[in-house]
Amino acid sequence: MEQTHAAPQDIFAALRAEVLTCLRRLLPELPEEALTRVTVEPPRDAAHGDMSTNAAMVVAKIAKVAPPKLAAELSAALLELPMVAEAAPAGPGFVNLRLAESFLLGQLPVVLRAGEAYGDGASGAGVKINVEYVSANPTGPMHVGHCRGAVVGDALANLLGKAGYAVTKEYYINDAGAQVQALGYAAYWRYLEALGTTLTEEEYAEAVPGGLQYRGDYLVPVGAALKETFGDSLAPGAKPAEASLWLTTVREFTVAAMMESIREDLAALGVAQDVFISEAQLVKDGVADRAIAELSAKGLVYEGVLEPPKGKLPEDWEPRPQTLFASTKFGDDVDRPLRKSDGSNTYFANDIGNHADKIARGMQQLVQVWGADHGGYVKRMQAATRALSDGAVPLDVLLCQIVKVMKGGEPVRMSKRAGTYITLRDLIDEVGRDAVRFTMLTRKSDAQMDFDLDRVVEQSRENPVFYVQYAHARCRSVLRQAGEPAPAELAGEEAALATLQDAAELALLRRLIAWPRTVEAAAAAREPHRIAFYLGDLASDFHILWNRGREDATLRFIQAEAPEATRARLALVAATAIVIRSGLAVMGVAPVEEMR
RNA sequence: GUCUCCGUAGCUCAGCCGGAUAGAGCACCAGAUUCCUAAUCUGGGGGCCGUGGGUUCGAAUCCCGCCGGGGACACCA
């Protein structure tokens, strides 16, 4: 939490440590807690310098000193440091710092030597964190609704990894409920079709408990595969057999087929989770029941009757005793049922098992990425996790709002019935994996998003995907033209770096050195979209510099008659390319070498 | 009715676990444009940060109320 965990390359953290040292010296009586609110950050207005600290204002009250007076003393102390060129009190008690140019420029070799590892942090401190995302029901192909969660979860996991956590990427397969049962019946129908049954779909549907669902074509190949594997042994003479004779077999076969298809879709999106946990398996292994027994032993499970829900009352509501988890003891609004009326576990009960399993595997922090329609489920799951771990394992939930797909200014209707149902694969085929991933991260995950199919492939300033990729391509173009100097070689150009003097060059440099703190802050806030915004800003700084060269030829990167300036600029360009790649890697987007 | 997320420029959105004069892109206005990669560039106007209180040296940010919008509300997943 303190600077001990900050990224080694984060000079803001380094300066913060210096500020604290000065404060301790100036005010020996000051309690350590008073220092936690001290920040060192880039000032909003660049005219104020490279860094600014609120230290004097934050500490003033406890120290019983006037902020401006303390700011002046702190400024004087900080001025002693070799890396500080200017330090001055300002405003209500800020201390503004201008760093020595040599120190600032000296960060460039740090970037070049670290490569894409630049920005790797230590704030995660190796803590075992589990990020579960997608977890779509294995009842059909993935559609765009799943896509945002997949990208956000994957990028967040990458981000946490970069910040120093030990990350497990996980997928929980909901293969135990009534829906996969219905899937079994649906697949069986396709199997009967493959065998050449004389039944009509409607005749078959009448015999299916709860009606025939999942009528999409995607189960046709599964029916054929069932025939391939089992011949007509599950339906002799192409006539439906007793469900007990085939349902489990068909269901498991179909779930496996669906999961294979889902994994292919995820792979197409560049997502590959480390662990796939089966709900059915957890139930079978008794994990869910043991978790409930554990809660029960803590006195948190009881038989009771819930109040009827307020507002619109369900048609078939009746007071009924249920097995309940006392989630209200942990901040939930009502206690939650663990068993259905037929005695089997509720989804919630099994999910408690899922979370207990993660805790048992040694996870110290849990993250779930859910659709916003699961918002009402957050409190109860946090309650359960708190109860299971005695408060030791926090559960963070990211809710992803709906994505509206737009085409030609019109929303594309998402309806299975109308046949305008967009699968994830369709989306990737239409605009490409990288555009999908980048675009999904251009909004805060809890804000609604319009995904404009036309905009996303547009090659213009308005398209952030293009804009960032273009900046990287321009960097690479310059480096190719300069004969691909090795980063290590450029890192050795300490003396030449002093030729970097233009405001646009220094602005770009300042952006680059903000990368480590950007990673730390985004990881701490669990907000991967910040990486996309940072890269947009970085690309903008680079394009501005590039454009300066269009007006003023002496600002171009390669100067035939000035080899020293050229090497310094190449170092800056190479560092820019590195940081862009570093950021894109977090987002799971491949950098491009040239725009074609 | 309860819970939850949201409300920032005409539009789409940022705003870094409170900080100095609230930012970007688009749109609009005025200029530039035979450039290392063409897919533009420079400058400008434009906001009571939904609203009323509170906490504080200091609030778009934290707390409470209200207004307006999305979502969720026993035995689905």
Side-chain angles (χ1 to χ4, degrees), chain A residues 37 39 41-45 48 52-54 57-58 60-61 66-67 90-94 96 135-137 139 174 176-180 279 305-314 316-320 322-324 332-342 344 346-348 350-351 371-379 399 401-402 442-444 446-450 452 455 458-464 466-467 470 473-474 476-478 481-482 514 517-518 520-522 524-525 527 529-530 532-534 536-537 540 543-544 546-551 553 556-558 594-596:
Chain A
R37 289 178 55 215
T39 61
E41 47 190 21
R44 189 164 303 212
D45 187 344
H48 290 138
S52 171
T53 180
N54 62 355
M57 292 179 289
V58 165
K61 196 166 201 174
F94 288 99
N96 291 331
S135 298
N137 292 343
T139 53
N174 301 145
Q179 303 206 344
V180 286
E279 178 184 0
V305 181
L306 290 173
E307 292 287 307
K310 307 284 186 211
K312 57 168 186 183
L313 200 62
D316 57 347
W317 192 89
E318 52 176 296
R320 175 191 305 142
Q322 291 176 296
T323 305
L324 300 168
D332 199 2
D333 307 306
V334 291
D335 292 339
R336 306 291 179 176
L338 297 171
R339 312 261 189 229
K340 302 183 203 171
S341 44
D342 68 359
S344 65
T346 59
Y347 177 81
F348 177 51
N350 288 345
D351 211 5
D373 56 340
H374 286 60
Y377 193 73
V378 173
K379 283 186 182 179
L399 295 179
Q401 280 289 350
I402 201 158
T442 55
R443 269 317 88 106
K444 225 173 0 188
D446 55 12
Q448 289 191 22
M449 170 160 79
D450 286 353
D452 188 329
R455 171 62 51 80
E458 194 174 287
Q459 302 208 332
S460 78
R461 172 78 184 86
E462 297 163 56
N463 178 4
F466 168 79
Y467 197 63
Y470 192 23
R474 277 179 158 173
R476 292 293 305 130
S477 166
V478 171
Q481 192 156 329
R517 72 187 297 276
T518 301
E520 292 294 338
E527 291 185 345
H529 75 278
R530 290 192 197 183
F533 280 93
Y534 170 83
D537 290 341
S540 173
H543 287 306
I544 286 169
W546 179 287
N547 290 325
R548 292 289 310 273
R550 289 164 58 161
E551 296 156 19
R556 294 183 190 176
F557 301 116
I558 299 173
E594 52 187 346
M595 307 307 285
R596 274 291 148 98

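Reminder, nothing fancy here: chain letters follow the sequence lines and each chain counts from 1.
When atom types are taken as modelled, the side chain of N174(A) and the backbone of N137(A) share no donor-acceptor pair closer than 3.5 angstrom. Panel note: side chain T53(A), backbone T39(A); a donor-acceptor pair is recorded below 3.5 Å.
Among the heavy atoms of the strands lying under 4.0 Å from A521(A) are primed sugar atoms or P, OP1, OP2 only; no base atom is included. Among the protein residues, E594(A) comes within range of the nucleic acid bases, having at least one heavy atom under 4.0 Å from a base atom. When heavy atoms are screened at a 4.0 angstrom cut-off, A178(A) is found touching the sugar-phosphate backbone but no base atom. As judged by a 4.0 angstrom heavy-atom cut-off over every strand, Q459(A) is placed among the base-contacting residues. Contacts of G549(A) with the nucleic acid, taken as non-hydrogen atoms under 4.0 Å apart, include base atoms. Among the atoms of the strands shown, base atoms are found under 4.0 Å from some heavy atom of S477(A).
Relative ring orientation between H543(A) and Y467(A) is described as tilted, the plane-to-plane angle lying within the 30° to 60° band.
Contact annotation: H374(A) does not reach the phosphate of C3(B) (side-chain N/O to OP1 or OP2, under 4.0 Å). OP1 or OP2 of A39(B) has at least one side-chain nitrogen or oxygen of Y470(A) nearer than 4.0 Å. Distances shown here put every side-chain N or O of K379(A) at or beyond 4.0 Å from the OP1 or OP2 atom of C3(B). Within the 4.0 Å cut-off from OP1 or OP2 of C36(B), at least one side-chain nitrogen or oxygen of R556(A) is found.
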Open item on the list: Counting primed atoms plus P, OP1 and OP2 as sugar-phosphate and everything else as base, spell out the protein contacts along nucleotides 19-29 of chain B at 4.0 Å heavy-atom distance: B, S or - for each nucleotide, 5' to 3'.
Closed with: BB-S--SS---
Open item on the list: Please encode protein proximity along nucleotides 7-13 of chain B as a string of B, S and -, counting only heavy-atom distances under 4.0 Å.
Closed with: -----SS
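Set against C75(B), A77(B), G15(B), the side chain of S341(A) has C75(B) as its closest nucleotide. Distance from the side chain of R320(A) is smallest to C75(B) among A77(B), C75(B), C16(B). Listed nucleotides C16(B), A72(B), A39(B) differ in distance to D373(A); the shortest reach to its side chain belongs to A72(B).
Taking atom P on both G19(B) and G31(B), the two are 41 Å apart, rounded to the nearest angstrom. If you take atom C1' in G7(B) and the same atom in C66(B), they sit 14 Å apart, rounded to whole Å.
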TODO: Could you provide the dot-bracket string of RNA chain B, using ( ) for intrastrand pairs, [ ] for crossing pairs and | for bases paired to another strand, with Watson-Crick or G-U pairs below 3.5 Å?
DONE: (((((((..((((.....[...)))).(((((.......))))).....(((((..]....))))))))))))....
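In summary, R517(A) and E520(A) do not engage in a salt bridge, as defined by a charged side-chain N under 4.0 Å from a carboxylate O.
Sequence order on RNA chain B of the closest nucleotides to N174(A) and F466(A) puts F466(A) first from the 5' end. Comparing D446(A) and H543(A) by the nucleotide of RNA chain B that holds the closest heavy atom to each, the one mapping nearer the 5' end is D446(A).
Atom CD1 of I558(A) is surrounded by more than 12 heavy atoms from other residues, nucleotides or ligands within 6.0 Å.
Atom CD of residue Q322(A) and atom NZ of residue K340(A) lie 12.5 Å apart, to the nearest 0.5 angstrom.
Geometric assessment of R530(A) against the ring of Y534(A) yields a negative cation-pi assignment under the 6.0 Å and 45° thresholds.
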